[in-house]
Amino acid sequence: MLYPKITCSRYLVNLSGVWNFKADYEEEGYKNLWYKNGLKDYELMAVPASFNDITVDARLRDFVGDVWYEKKIVISKHWQEENVFIRVGSASHNSKIWINGILVKEHIGGFLPFESNVNNEIKSGEENHIVICVNNELTWQTLPPGESYYFEDVEGNKKKKLKQQHDFFNYGGIHRPVYLYSTPKTYIEDIIVKTDFEENLGIIHYEVIANEIAEEIKIEVFDEENQLVADSIGASGKIEINNVKLWKPNNAYLYEFVANIYSNLKLIDQYNLNIGIRKVQVVDGQFLINNEPFYFKGFGKHEDMDVKGKGLDDAINIRDFNLLKWINANSFRTSHYPYAEEVLDLADRYGVVIIGEVPAVGMLGKAVPAVGELDGVFTENKINNETLKEHIRVTREMIARDKNHPSVVMWSLANEASVMEPNAEPYFQKLVEETRKMDDRPLLNVNLMLIEPGKCKVSKFFDVIGLNLYFGWYSERGDIDSGKKRLIKWLRDCYKADKKPILLAEYGVDTVAGLHKEPAIMFSEEFQVQFLKAYHEIFDQLPFVIGEHVWNFADFMTGQDIVRVDGNKKGVFTRQRQPKMAAHYLRERWGNVENTYTKQLYVGGEE
Ligand code: GCB
């Protein structure tokens, strides 16, 4: 799915801003036809933003159910001749859109875009009534899974609540921009670009998909100086670029790929895409970018901030990329869901390597942070065949959206699923099989520390194993030394069992900014530094460890719980994006660890 943009043949209207808004506390919206009759007694709401932290009303912050958004807009009469689409960047989690009282789109899933052609429903040159209903409930058949239920207090009052296993606040609302955009009647629906190179020759395999057979399709490729470096005719083909400049981690080079559709020698539609030429492989236990080993230095992140929650914010996003550069990081995982396309555009430009994750988080018999025995969830009425279908569908949506981003080097198909269960094996086998048909990037599965070495039933299907390890924090609490001993044994045992390169996908500790203790204790800034240093001493001894992603880039909001003080405080930066002591330590370490860091060459099963 192409991101909407203005080109010589397309136009768009950004509907971000202030919308009418109403939370449906009494569950009356559908009954009273709000989508047709409009909202009465509404309040004002920002789009894009989560609705939860905008007001001072705890009932709205914790609301579970339908919220309604409404906007009235006149569109140009010139759009009569065009195709018109409405497109929502994302809304959490399930949405419906009505134009002038007519349902035009339903979408399940909170982190990916959805759109609909509205030629028949929209009135050019007149006022249009747009209503979007967003529901923030989850089930065992959604990604992420969860369960809503009615809680009854001692007086018999009922309230809808959500039970979730994942450790971040279940923000709801329209999180990414809403656009109305136009295309010509014959238009480019999609572009697929795959790149490679041989010595100095860059290679682009492309496919341009139009909604109807186009007479002529012409491709032009421009370099960063806006010079035409190659062109081609036809809906698909191979383009070669001499003296290619590769897209490299921390050193991005982007070409502009321009697709043009002609009819009777007249340009009908044009779409331009930034592309990077690079190659990714996992070979002999190494992660290779452009045939060079790549060592991941960076973080698991969240889309999360004060007031806006998960609402797209360019200022925060650019600040984050500046901080990543400052701290000498080269990568991050979009834990635990696909981030905004605007974020991936920045990653392409800053040369930050991305692991794109589907929202398969919390496929677990306990809420995170989980300790003790886990109940089975790969069962008939929990994670079942319907969930698998949804998992495949969402993965397909993510790949369809993100496939052309050079920054995205790997897909993460799950975080902390209950993969020691026998039923997890056929589930993941099928998921991986289907995903490999969609794209050829390496695949990652991320395991929690309750899955003991050798107990993961699904590692064999994946290219890289991610581990989330917190010894010295969730176990050996406060005892970094003992945690470190367990860590090295654990990593060696995991490698022996699975023989796959290991990415430390999460390790870290909650740290209250400004809390200093000598000797260090849990939650102090000193403890965070000592913990990270101890882990790095181990990683540096193990050649099969191909990267380190600290949990987390910044403090983030979670549900209320006795183990969370105003959210999760494992950030190396505060929620306001200021450094803790550990940020200075990481900056120094990562300044000395090359992107191509390898510890020693090894073959097959040996370290
Ligand atoms: C994990 C989860 C992450 C949590 C983190 C923690 O393993 O993947 O979502 O936030 O632990 O801080 O407990």
Side-chain angles (χ1 to χ4, degrees), residues 191-208 219-232 236-259 272-298 321 324-325 328-334 341 343-356 399 402-411 439-444 463-464 501 503 546-547 590-591 593-598 601:
I191 298 174
I192 305 167
V193 163
K194 289 193 191 253
T195 65
D196 199 350
F197 65 94
E198 278 160 23
E199 289 174 10
N200 285 336
L201 193 69
I203 300 166
I204 304 167
H205 298 278
Y206 74 90
E207 201 179 328
V208 174
I219 310 300
E220 294 168 298
V221 181
F222 296 90
D223 67 12
E224 285 189 354
E225 277 72 51
N226 221 9
Q227 298 299 310
L228 180 72
V229 289
D231 55 11
S232 172
S236 61
K238 179 177 164 185
I239 297 175
E240 295 183 338
I241 298 178
N242 291 319
N243 297 321
V244 65
K245 294 207 177 81
L246 297 179
W247 187 94
K248 293 182 180 161
N250 298 124
N251 190 8
Y253 192 92
L254 295 175
Y255 290 93
E256 195 185 11
F257 179 100
V258 184
N272 57 315
L273 195 69
N274 281 335
I275 61 164
I277 297 182
R278 57 105 183 96
K279 178 153 97 182
V280 176
Q281 292 156 291
V282 177
V283 177
D284 288 340
Q286 287 187 326
F287 197 95
L288 304 180
I289 300 185
N290 302 335
N291 300 332
E292 291 189 335
F294 180 71
Y295 189 79
F296 292 83
K297 304 180 282 180
F321 278 93
L324 288 165
K325 196 168 166 192
N328 295 310
N330 61 16
S331 55
F332 65 84
R333 174 169 60 120
T334 69
E341 293 155 279
V343 172
L344 299 184
D345 284 341
L346 291 173
D348 290 344
R349 289 169 70 172
Y350 281 86
V352 171
V353 166
I354 299 292
I355 301 172
I399 293 178
D402 297 341
K403 58 186 180 291
N404 294 326
H405 286 280
S407 56
V408 179
V409 300
M410 180 152 65
W411 307 115
D439 192 70
D440 55 8
R441 285 172 176 84
L443 301 181
L444 171 79
D463 304 296
V464 178
L503 167 72
I546 59 155
W590 288 342
V593 172
E594 300 283 325
N595 283 347
T596 52
Y597 182 41
T598 41
L601 273 180

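Since this is a predicted model, take the numbers as computed values, not measurements. Sequence positions, counted from 1, serve as the residue numbers for this chain.
- Between K403 and I192, the closest side-chain pair of non-hydrogen atoms falls below 4.5 Å.
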Just distance, no hydrogens or angles: give the donor-acceptor pairs under 3.5 Å from side chains in residues 239-248, sequence neighbours left out.
unit_1 : atom_1 : unit_2 : atom_2 : d
W247   : NE1    : D348   : O      : 2.8

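- To the nearest 0.5 Å, the span separating CG on N595 from OG on S331 amounts to 8.5 Å.
- The shortest side-chain heavy-atom distance between I355 and L444 falls under the 4.5 Å cut-off.
- In this structure, the side chain of R441 engages the main chain of V408 through a donor-acceptor pair within 3.5 Å.
- Residues passing the side chain to side chain contact (heavy atoms under 4.5 Å, CB included) test with P293, sequence neighbours excluded: Q286, L288, T598.
- The ring-ring contact (aromatic ring centres under 6.0 Å, His included) search around F287 returns F296, not counting sequence neighbours.
- In this structure a side-chain-to-backbone donor-acceptor pair under 3.5 Å is present from K297 to V593.
- By the side chain to side chain contact (heavy atoms under 4.5 Å, CB included) test, S236 is found to be paired with E207, residues two or more places apart in sequence or in another chain being considered.
- Under the rule for a ring-ring contact (aromatic ring centres under 6.0 Å, His included), F222 has no partner lying at least two apart in sequence or in another chain.
- With 3.5 Å as the limit, one finds a donor-acceptor pair spanning the side chains of Y206 and S232.
- Put simply, the side chain of D402 reaches to within 4.5 Å of the side chain of L344, judged on heavy atoms.
- Rounding to the nearest 0.5 Å gives a distance of 9.0 Å between CG of L254 and CD1 of I275.
- Here the shortest heavy-atom pairing between G285 and P501 reads O-CB, 3.5 Å.
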Item to complete: Could you check L324 against Y350 for side chain to side chain contact (heavy atoms under 4.5 Å, CB included), going step by step and ending with a plain yes or no?
Response: CA-CA 10 Å; L324 288 165; Y350 281 86; over 6 Å; no

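- Contacts of D463 classified as side chain to side chain contact (heavy atoms under 4.5 Å, CB included), with partners at least two apart in sequence or in another chain: V282, R436, P442, L443.
- For D345 and N274, the side-chain atoms include no donor-acceptor pair closer than 3.5 Å.
- Remark: Y255 engages no residue in a side-chain hydrogen bond (donor to acceptor under 3.5 Å, both in side chains) (not counting sequence neighbours).
- Take K194 and apply the salt bridge (Lys or Arg N to Asp or Glu O under 4.0 Å) test, not counting sequence neighbours, and it matches D439.
- Applying the ring-ring contact (aromatic ring centres under 6.0 Å, His included) criterion to Y597, with sequence neighbours excluded, gives Y295.
- Nearest approach of N328 to W590, heavy atoms of both residues: O-CB, 3.3 Å.
- Closest non-hydrogen pair, V343 versus F321, comes out as O-CZ, 3.6 Å.
- Applying the salt bridge (Lys or Arg N to Asp or Glu O under 4.0 Å) rule to E341 yields the partners R87; only residues at least two apart in sequence or on another chain are considered.
- Considering all non-hydrogen atoms of both residues, A329 and G298 come closest at CB-CA, 4.0 Å.
- Smallest separation of non-hydrogen atoms from I277 and G202: CG2-CA, 4.3 Å.
- Considering only heavy atoms from C-beta on, V280 stays 4.5 Å or farther from M410 through its side chain.
- Within the structure, salt bridge (charged side-chain N to carboxylate O under 4.0 Å, His left out) pairs that include any residue of residues 222-231 do not occur (at least two apart or interchain).
- Residues satisfying the side chain to side chain contact (heavy atoms under 4.5 Å, CB included) criterion with D196, sequence neighbours excluded, are I203, K279.
- From Q281, atom CD reaches atom CG of N291 across 6.0 Å, with rounding to the nearest 0.5 Å.
- Taking CD1 from I289 and CG from N330, the interatomic distance works out to 8.0 Å, rounded to the nearest 0.5 Å.
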